[in-house]
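In what follows, chains carry the letters A, B, and so on, assigned in the order in which the sequence lines appear, proteins first and then strands, with residues in each chain numbered from 1.
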Protein chains: 2
Amino acid sequence: MIGETLAERLSCIGELSSADRAALADVKGTVRPVAKGCDILTAGEEPEFAVLVLRGLLCHHRWKRDGTRQIHSFYLAKDAPSLESLHIDYVDSNLGAVVQSTVALIPHAELFRVMEQRPNLRALMWRETLVQAAIVREWLTRNSTLPAHSALAHLFCEMFVRAQAAELTTGGSCDLPATQETLAHALGLTAVHVNRTLQMLRETEMVDLKNGRLYVHEFDQLAALGEFDPSYLHLRRCSKAVRHAAATSPRQTIAGGAGLIQ
Amino acid sequence: MIGETLAERLSCIGELSSADRAALADVKGTVRPVAKGCDILTAGEEPEFAVLVLRGLLCHHRWKRDGTRQIHSFYLAKDAPSLESLHIDYVDSNLGAVVQSTVALIPHAELFRVMEQRPNLRALMWRETLVQAAIVREWLTRNSTLPAHSALAHLFCEMFVRAQAAELTTGGSCDLPATQETLAHALGLTAVHVNRTLQMLRETEMVDLKNGRLYVHEFDQLAALGEFDPSYLHLRRCSKAVRHAAATSPRQTIAGGAGLIQ
DNA sequence: CGAGCGCTTGAGCTGATTCAACAGACGTGG
DNA sequence: CCACGTCTGTTGAATCAGCTCAAGCGCTCG
């Protein structure tokens, strides 16, 4: 069941052979609940297991001295938030549960074994860490350059598209059990300002967030408002046309652009 | 020479055996100059080579429709900014030269060959991509939560420490050939505000930036101002004491914290 | 019923932006 | 050699997005 879940996530960003799936099916781990607000990993630790979300919502975050914190990313069911610990000596942020969640802890040894056996799985797990890095880059852009209403729209689009990819949506809605304060920590805003911004968004009738659930009524409008382009999620079913839309740059490109090698 | 440079960088974040170094020495690539402001890679491309900085300063960046751009990270000499392309289908941001630079383009095939041969090198290259991700997480925190003067101090600390690790400093200074506008694009500020903030920092006499060179006079004070903790750079010579300093959290930790597995 | 948590609202403040003008350094071409 | 344009840095004044502080409201749960 743990291996199947991991397989589902990996197949969102690449191809799995039946041998890959069979190898994953053998993966062992322990299942445990995590209470709301509790941390599974804290900065500085050297875990010997990776985490897989089975249910709920996790986040990577770090506290600052002044009591504020920054959330670096959210993790939905099927996501594997601490794959990075496979090849880095210690983790540099905390992994916490936004709400009561269920996770699987998979010993590194299990993953090393399966990666040794199936190089394609190693490539995909590496890719998964790269996709997570791409998400953080997008958050950097979002938080640094977008005004609050666009930033919130962008976050909603991301969570919704990721939920769709993980088959966690029903109709136009998905769970998003984050308080306004949690959203504020993700966006680098204050809870008060998130509150006012959310009201503005509600008035547009593009989107709503209530009782821990996100209702997306007008995705295209919301995506336009948030300048959201899903290509950074590297989902397999994303069309290439969309991907290349944002590539154009006002600067000159390298002289003799094509055929760089030889 | 290309392989040696890569070895130097990898040995900053891990251990290389002599066999690893020997394998790297064989790595082939082509050297080419890149003019200031030109892009080596543009978003959407599917490169078949990785990039290694030999001289100069590169950055990952992406343009927005309104003509502003966000820089995601800088890359000094010895850094390998596009290792991610090894395992991801297309790059999602541009790789540009901040100033006239020299890069080596290493065909993916070369790197796959050496990683197959030396699993330790694969682990370290994977780790390198993870360290780059950690840097972006830090930038997210910095740009989202720090006021301008702290953010600028933080960026200066990072560039200086990374330059030290790459043995690119002489005394208390290193090259940082970025214009105030470039810094603004990294910090998510306007060039005007960077200008005023830089003047404030100069007045403290902790740091100066002139003629494309960064002079760090009072590193400790600057680090305190920028809330800079180098642990996220995962440099080998960083002491563990420092690493764990920031781990404490005002929240409760998971029940029965120790011994998660079995 | 009371406590706590999350959401809402108001008023005043401030850090950063915008727009605009100008100054110095540099390179280029006449 | 000077004249010119471009690029980078600097300064001022007005404006605004988002913050702070503070109070109040409505749930839910013990």
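- In this structure, A:E181 atom CD and C:dC7 atom P are separated by 9 Å, rounded to whole Å.
- Here B:L183 contributes atom CG and B:M159 contributes atom CE; the two are 9.5 Å apart, rounded to the nearest 0.5 Å.
- Using a 4.0 Å cut-off between charged nitrogen and carboxylate oxygen, B:R69 and B:E181 do not count as a salt-bridge pair.
- Distance CG (B:N195) to P (C:dG15): 18 Å, rounded to an integer number of Å.
- In this pair, A:Y215 and A:H217 present their aromatic rings parallel. The plane angle is below 30°, not in the 30 to 60° band.
- Heavy atoms of A:G188 sit under 4.0 angstrom from primed sugar atoms or phosphate atoms, though from no base atom.
- Across all strands shown, B:L189 has heavy atoms under 4.0 Å from sugar-phosphate atoms exclusively, and none from any base.
- Note: B:F160 and B:F219 have tilted aromatic rings, judged against thresholds of 30 and 60 degrees for the angle between ring planes.
- Along DNA chain D, read 5' to 3', the first and last nucleotides having any atom under 4.0 Å from a heavy atom of chain B are D:dT8 to D:dA13.
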Should B:H154 and B:E138 be marked as a side-chain hydrogen bond (donor to acceptor under 3.5 Å, both in side chains) after you check the CA-CA gap, both sets of side-chain angles, and the distance that decides it?
CA-CA 10 Å; B:H154 187 285; B:E138 190 73 15; 3.0 Å; yes
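- Side chains of A:R62 and A:S93: a donor-acceptor N/O pair is absent below 3.5 angstrom, by distance only.
- Rounded to whole angstrom, the span from the CG atom of A:L198 across to the C1' atom of C:dT9 amounts to 15 Å.
- Taking a cutoff of 4.0 Å between a charged side-chain nitrogen and a carboxylate oxygen, B:R162 and B:E158 qualify as a salt bridge.
- A donor and an acceptor atom never sit less than 3.5 Å apart when one is taken from the side chain of B:R196 and the other from the base of C:dG15.
- Annotation: proximity of residues 146-154 of chain B to DNA chain D (heavy atom, distance under 4.0 Å) is found for no residue.
- Residue A:Q180 has a polar side-chain atom (N or O) positioned under 4.0 Å from OP1 or OP2 of C:dT8.
- Atom CG in B:N143 sits about 14 Å away from atom C1' in C:dA16, given to the nearest Å.
- A sub-4.0 Å separation between OP1 or OP2 of C:dC5 and a side-chain N or O of A:K36 is absent.
- Residue A:E203 contributes atom CD, which lies 12 Å from atom P of C:dT8 at whole-angstrom precision.
- In terms of phosphate contacts, A:Q199 brings no side-chain nitrogen or oxygen within less than 4.0 Å of OP1 or OP2 of C:dC7.
- The residue from B:L201, B:L152, B:L146 that alone fulfils the side chain to side chain contact (heavy atoms under 4.5 Å, CB included) condition with B:L225 is B:L201.
- As rounded to whole Å, 13 Å separates atom C1' of C:dC7 from atom CG of A:D208.
- Counted by atom type alone, B:R213 and B:T170 present one or more donor-acceptor pairs between their side chains at under 3.5 Å.
- The side chain of B:T190 places an N or O atom within less than 4.0 Å of a non-bridging phosphate oxygen (OP1 or OP2) of C:dT17.
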